[in-house]
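Please read the structure below before turning to the comments.
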Amino acid sequence: MDNTEFLMRLIRQLDALIPFLALSHQDVFDLIQKEKDIWFMESQRRTIPETYEIYCTQVNHSAFLLGYSYFEVFLGDLMKEIFLSNPSMLPKEKQLKFSEILEARTFESVIELMIEKENLALVYQSMDKVIDYFETKLNLHWTDEHKDTIIRATYLRNCIVHNMSRADSRLAQVSQYVVGQDINLTSSEVHAFGLIARALSRDLYRQAMERYFQK
């Protein structure tokens with residue numbers, strides 16, 4: 001992969017969420033309600049939100065979750081590209097099974113397997129540990145604003161997915177939410193996250209370009 005492609009892909013994906021968010025407008029909901037008997041089967045009509053407020057929240061949350069997932073993939077791709085360009089940076093203690101080495105067959109395949117394992121291990125870490133990894137292992141600095149925004153977004157994401165869209169104690173510590181409060185993201189809040197994700201991804205890529213890709 002061209003080491004600029006994954007950055008541009010993220011920007012395109014985030015840009016594509018802008019028209020998606022437009023679906024949260026009142027007139028779109030009204031049109032769905034008007035035409036639902038024609039557009040949807042009976043079983044599908046039962047899943048349509050009864051009120052505009054519920055519908056709007058569902059669209060905004062869906063857009064936010066997509067944007068967050070796109071950003072997570074970018075982080076993994078950036079890490080992979082850095083290690084592909086600089087395999088000596090891979091952890092020296094990383095162990096592979098002999099069967100895995102045999103299946104890989106080539107040195108390049110072994111390197112890719114090691115990177116895949118490193119990436120997989122990072123996926124299951126908390127976001128603060130991911131940030132620490134990028135700063136200490138990859139030497140890519142995050143501003144305090146970017147750290148705070150992404151950690152808060154992580155807690156929002158976890159609450160939406162795992163806590164029925166209600167704030168938990170971790171989110172309450174880094175936001176104005178109180179424990180148990182319903183999370184109802186607005187389109188403006190989703191846009192704000194997208195702007196931060198764009199700025200942070202460009203900054204991380206710029207740092208990686210200066211340190212690792214211009215050789």
Side-chain angles (χ1 to χ4, degrees), residues 1-33 35-36 39-40 44 47-81 119 122-123 126-127 130-131 134 140 142-143 145-167 171 174-177 181-208:
M1 179 189 297
D2 179 351
N3 59 28
T4 63
E5 173 56 28
F6 57 88
L7 171 63
M8 299 313 300
R9 181 184 63 200
L10 172 64
I11 301 303
R12 290 194 300 269
Q13 289 171 328
L14 293 175
D15 287 348
L17 293 180
I18 297 174
F20 179 78
L21 280 168
L23 296 176
S24 66
H25 290 176
Q26 175 81 54
D27 54 350
V28 177
F29 174 75
D30 292 342
L31 182 60
I32 291 174
Q33 291 294 327
E35 303 294 345
K36 63 182 179 181
W39 291 352
F40 304 102
Q44 295 173 323
T47 66
I48 298 175
E50 296 180 357
T51 68
Y52 170 67
E53 288 72 20
I54 296 175
Y55 167 79
C56 183
T57 297
Q58 288 183 349
V59 173
N60 292 336
H61 285 193
S62 296
F64 169 74
L65 293 177
L66 279 173
Y68 183 90
S69 296
Y70 294 152
F71 178 72
E72 277 192 317
V73 171
F74 165 81
L75 292 180
D77 286 342
L78 180 58
M79 184 187 77
K80 178 179 179 180
E81 200 64 29
N119 195 1
L122 192 62
V123 165
S126 60
M127 182 52 70
V130 171
I131 294 172
F134 268 76
L140 301 182
W142 297 47
T143 68
E145 179 187 7
H146 288 158
K147 290 179 186 178
D148 293 344
T149 299
I150 298 303
I151 288 176
R152 184 165 57 250
T154 299
Y155 293 160
L156 275 169
R157 179 263 178 201
N158 291 345
C159 288
I160 291 171
V161 174
H162 301 297
N163 202 41
M164 299 179 65
S165 294
R166 294 191 180 97
L171 178 59
V174 298
S175 71
Q176 295 181 338
Y177 285 101
Q181 181 180 352
D182 289 336
I183 298 170
N184 297 301
L185 294 179
T186 66
S187 58
S188 296
E189 290 173 311
V190 180
H191 279 305
F193 169 77
L195 292 174
I196 288 291
R198 288 178 181 85
L200 175 55
S201 62
R202 288 189 174 107
D203 186 48
L204 292 174
Y205 178 80
R206 175 191 58 77
Q207 294 181 60

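Here the structure is a predicted model, which means the values were calculated and not measured.
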Decide yes or no on side-chain contact (heavy atoms from CB on, under 4.5 Å) for V130 and E72, but give the supporting numbers first.
CA-CA 10 Å; V130 171; E72 277 192 317; over 6 Å; no

For the pair I32 and F40, evaluate side-chain contact (heavy atoms from CB on, under 4.5 Å) and give the outcome as yes or no after the intermediate values.
CA-CA 9 Å; I32 291 174; F40 304 102; 4.0 Å; yes

Derivation and outcome, side-chain contact (heavy atoms from CB on, under 4.5 Å), residues L78 and L140:
CA-CA 11 Å; L78 180 58; L140 301 182; 3.9 Å; yes

Begin from the C-alpha positions of L171 and Q181 and carry the test side-chain contact (heavy atoms from CB on, under 4.5 Å) through to its verdict.
CA-CA 10 Å; L171 178 59; Q181 181 180 352; over 6 Å; no

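The minimum heavy-atom distance linking N119 with M79 is given by the pair CA-CE, 3.1 Å. Here the shortest heavy-atom pairing between C159 and R166 reads CB-O, 3.3 Å. Residue I48 comes nearest to Q33 through the heavy atom pair CG2-NE2, 3.6 Å, listed as atom of the first residue, atom of the second, then distance. Minimum heavy-atom separation, F20 to V59: CE2-O, 3.6 Å. When all heavy atoms of L14 and A197 are compared, the closest pair comes out as CD1-CB, 3.9 Å.
For E35, the CD atom is densely surrounded, since the number of other residues' heavy atoms within 6.0 Å is greater than 12. No more than 12 heavy atoms of other residues, nucleotides or ligands shown are found within 6.0 angstrom of NZ on K80. Heavy-atom neighbours of E50 CD from other residues, nucleotides or ligands within 6.0 Å: at or below the threshold of 12.
Listed for the R157 side chain is no donor-acceptor partner under 3.5 Å among the backbone atoms of Y68. Judged by distance alone, the side chain of H61 and the main-chain N or O of I183 form a donor-acceptor pair under 3.5 Å. Remark: side-chain polar atoms of S24 are paired, donor with acceptor, to backbone N or O of L21 under 3.5 angstrom.
Residues R9 and V73 have side chains in contact (heavy-atom distance under 4.5 Å, counting atoms from C-beta outward). Within the 4.5 Å cutoff, the side chain of L122 has heavy atoms near those of the F134 side chain. Contact check for I150 versus F71: side-chain heavy atoms found under the 4.5 Å cut-off.
One finds the CG atom of L75 at 9.0 Å from the CD1 atom of I131 (value rounded to the nearest 0.5 Å). Remark: R202 CZ to F74 CZ distance equals 10.0 Å, nearest 0.5 Å. Note that CD1 of I160 and CG of N184 are 9.5 Å apart. Values are rounded to the nearest 0.5 Å. We find the CG-CG distance between L23 and L17 to be 11.0 Å, quoted to the nearest 0.5 Å. Between atom CZ of residue F64 and atom OG of residue S187 there is a gap of 14.0 Å, rounded to the nearest 0.5 Å. The structure places CG of N60 at 6.5 Å from OG1 of T186, a figure rounded to the nearest 0.5 Å.
Between R206 and D203, at least one side-chain nitrogen of the basic residue sits less than 4.0 Å from a carboxylate oxygen of the acidic one, meeting the salt-bridge criterion.
By the 30° and 60° cut-offs, the orientation of the rings of F6 relative to Y205 is perpendicular.
Considering only residues two or more places apart in sequence or on other chains, Y155 meets the ring pair (Phe, Tyr, Trp, His ring centres under 6.0 Å) condition with none of them.
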